[in-house]
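Small disclaimer: the values here were computed from a predicted structure and weren't measured.
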Amino acid sequence: MFYIVRGVAINIPNEFEAKFKTQLKVLVRQWADARKQKSFRQIAPDIDSLMSDLTVNAQKTPNPMLIEDDQTFIFESNGQSTSVAAKKKRRRSIAVVDSDKPSGLVITALIAEFNFNVEYFNNITELNERQSTHRLDLVLLDVLMPEVSTKHVFEFAATLNRSGIKVISYSGLFDFETRLAAVRAGISDFIVKPTSILGIIEKIKRVLNLQQTRDYKIVFIDDQKSMGEFYQTLLEDARCEVHFMDSVQAMFNGLDDIHPDLFIFDMNMPQVDGLEATKMIRQQKQFDFTPIIILTADEQIETKLSALQGGADDVIVKSTPPALVIQLLLTHLKRSLSVRESVSKDSLTGVLTHGQIMEAAMTNFRLSKRHKSQCAIAMLDIDRFKAVNDAFGHAAGDKVLSGLGQLLSRSLRSTDRIGRYSGEEFMIVLVGSTPKESIQRLNSIKDEFAASDFEFRGKVFRCTFSAGLADLAQSQSLPQAVNQSDQALYASKEGGRNKITIFDSIS
């Protein structure tokens, strides 16, 4: 049976026709339910996305949208946005192609730990033989392979790229010619061997656009409400949460609640203009890497220079076509978030640095007081860590620190904040949780860490950690909460280690 979808004739095999009709009925019913709470403009992109998937997948055999399974199409609420199960949150599929089998299998196993579907292939031919039955999102491709020229490898990469599969090259060869060939083949990124698994995961997430776990937050200040509403509509369609205000003073009253990813200021405003607002923002350390964009009707070069010298990242003339303005803003957002991610993370463990975790803790302390919301703080310390360094060396100790950082990062929620407080001590801010609610999650992480084998130069060993929890919302100050969690941590150590203690249970 043929159906016309967006002007395309799609052949639905008879054995799948009943299921296809059922899916459409479910979609329509849930669309109707969703409309009770959301406007059609909010839902329309999801409908269009589903139709796009159906059209594209109709060209594939078998059509992945018609494979028999127990899934149905559902609308899922996620804050301000919705999603369709046709584009449901699935584990991304990655192929690792590496002629060095031991190295390739290790990389494959490590990537799989971060919730990806990963399969190892020894060469391009193996991947080609299986590719028709695989729905791949990304290929981690070694450039140097025996019996295959680098030219052939890059031709293969270009073929993958044209078919919509992202490619990251993974090689010890990174000279000028290789880098240029990679760019011309459409390769998304290049990893130089050897590198840490955290570096690989960071690049994979960036290439697959997995770093944006929420809508971008933008603060827009303009004394003309019509201008703000115009750009607010355009930016919301680009997954941006826009907070429009008509004065700079109103903005400063709510910065802790918003914590924006980008500022847009009109240059000419009464009382406080865009340039003055820019200088005020640049005085606050937490916004060092947050882009500030000035909108102005003034095309004088002197105006642009004064804005840039005052701390703005870009000056956009109001006569610029709106579509180009949106692209410029999104480019600044993605670039700044990437830079912020790299400078705020501890290079060994992949979690926040001491300064960043303390800043995150202070922000959540203020929010918990203002909104009377729950928030817990935990201090973790690796047990007998000095003994590990003494017995196996500091390189083995680094491996343990890196392993714990990875475990915490993949086990906790994206809303929680994790940082390396000092040498072998970590701080966790558990947003929206009391210590009693958090202890079950941390106990699960504790048990998994205690059961993990670490191997170094042929020797296998295990480690444990102890932790202390305190109620950030009930503390009078952040230093007091840190002190309380430290006391609870000390009680865990005194109680035999490899355990978690809540502060109120020892007070």
Side-chain angles (χ1 to χ4, degrees), residues 52-53 56-57 59-60 64 87 89-212 330-331 334-335 337-338 341-342:
S52 295
D53 278 358
V56 171
N57 285 304
Q59 315 303 320
K60 301 178 181 179
K87 296 182 70 177
K89 295 177 181 177
R90 61 179 179 85
R91 295 176 67 185
R92 300 303 179 96
S93 294
I94 297 173
V96 175
V97 184
D98 194 333
S99 58
D100 183 352
K101 190 170 183 177
S103 173
L105 289 174
V106 168
I107 292 297
T108 300
L110 289 173
I111 295 175
E113 289 293 315
F114 289 83
N115 202 33
F116 293 102
N117 288 323
V118 196
E119 188 168 353
Y120 168 74
F121 299 91
N122 189 244
N123 52 57
I124 290 173
T125 303
E126 280 189 10
L127 177 59
N128 263 330
E129 290 172 352
R130 298 284 301 281
Q131 191 179 332
S132 60
T133 60
H134 280 59
R135 182 184 178 184
L136 290 175
D137 297 289
L138 182 142
V139 173
L140 191 63
L141 181 64
D142 191 4
V143 172
L144 294 177
M145 297 188 191
E147 302 178 4
V148 180
S149 67
T150 55
K151 179 182 178 182
H152 181 68
V153 171
F154 285 126
E155 288 174 351
F156 177 68
T159 301
L160 292 173
N161 185 55
R162 286 193 294 270
S163 65
I165 300 172
K166 303 288 187 181
V167 181
I168 296 178
S169 289
Y170 179 63
S171 175
L173 181 65
F174 196 48
D175 54 23
F176 177 81
E177 289 75 14
T178 306
R179 292 159 65 182
L180 180 59
V183 169
R184 289 177 174 174
I187 288 175
S188 301
D189 212 326
F190 208 115
I191 297 173
V192 182
K193 294 181 181 180
T195 189
S196 69
I197 183 60
L198 294 174
I200 294 174
I201 296 301
E202 181 183 349
K203 286 183 179 290
I204 288 174
K205 288 183 175 180
R206 184 163 62 241
V207 169
L208 293 179
N209 199 28
L210 300 178
Q211 293 177 313
Q212 187 182 358
L330 292 176
T331 299
K334 292 175 182 177
R335 178 60 181 164
L337 290 178
S338 177
E341 180 87 3
S342 63

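- Checking Asn128 against Thr125 by side-chain atom types alone, no donor-acceptor pair falls below 3.5 Å.
- The shortest distance between side-chain heavy atoms of Tyr170 and Ile200 falls below 4.5 Å.
- When atom types are taken as modelled, the side chain of Asp142 and the backbone of Val97 share no donor-acceptor pair closer than 3.5 angstrom.
- Ion pairing of Lys193 with Asp100 is absent here, as no side-chain N (NZ or NE/NH1/NH2) approaches a carboxylate O to less than 4.0 Å.
- Checking each of Thr108, Ile111, Ile107 against Tyr120 for a side-chain contact (heavy atoms from CB on, under 4.5 Å) leaves exactly one that passes, namely Thr108.
- Here Arg179 contributes atom CZ and Ser169 contributes atom OG; the two are 12.5 Å apart, rounded to the nearest 0.5 Å.
- The minimum heavy-atom distance between Val143 and Val153, with the atom names listed, is O-CG2, 3.5 Å.
- Considering every non-hydrogen atom in both Leu144 and Ser171, the closest pair reads CG-OG, 4.0 Å.
- With values rounded to the nearest 0.5 angstrom, Lys101 atom NZ is found 6.5 Å from Asn122 atom CG.
- Counting heavy atoms of neighbouring residues, nucleotides and ligands inside a 6.0 Å radius, atom NZ of Lys166 does not exceed 12 of them.
- Contact annotation: the side chain of Lys205 approaches that of Ile201 to within less than 4.5 Å [non-hydrogen atoms, C-beta and beyond].
- The shortest side-chain heavy-atom distance between Leu140 and Ile191 falls under the 4.5 Å cut-off.
- The closest side-chain heavy-atom distance from Leu138 to Ile168 is below 4.5 Å.
- Leu141 and Ala157 make their closest contact through CD2-CB, 4.0 Å (heavy atoms, listed as atom of the first residue, atom of the second, distance).
- Summarising the geometry of Arg92 relative to Asp137, their closest heavy-atom pair is CA-OD2, 3.4 Å, with the distance given to 0.1 Å.
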message: Please determine whether side chain to side chain contact (heavy atoms under 4.5 Å, CB included) holds for the pair Phe190 and Thr178, giving the CA-CA distance in whole Å, both sets of side-chain angles, and the decisive distance to 0.1 Å.
response: CA-CA 10 Å; Phe190 208 115; Thr178 306; 3.8 Å; yes
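- In this structure, Gly104 and Val96 approach most closely via the heavy-atom pair O-CG1, 4.1 Å.
- Residue Glu155 holds its CD atom at 7.0 Å from OG of Ser149, rounded to the nearest 0.5 Å.
- Distance check, rounded to the nearest 0.5 Å: CD1 of Ile124 to NE2 of His152 gives 5.0 Å.
- One finds the CG atom of Leu136 at 10.0 Å from the CG atom of Asn117 (value rounded to the nearest 0.5 Å).
- Between Asp98 and Ser103, the shortest heavy-atom contact is OD2-OG, 3.9 Å.
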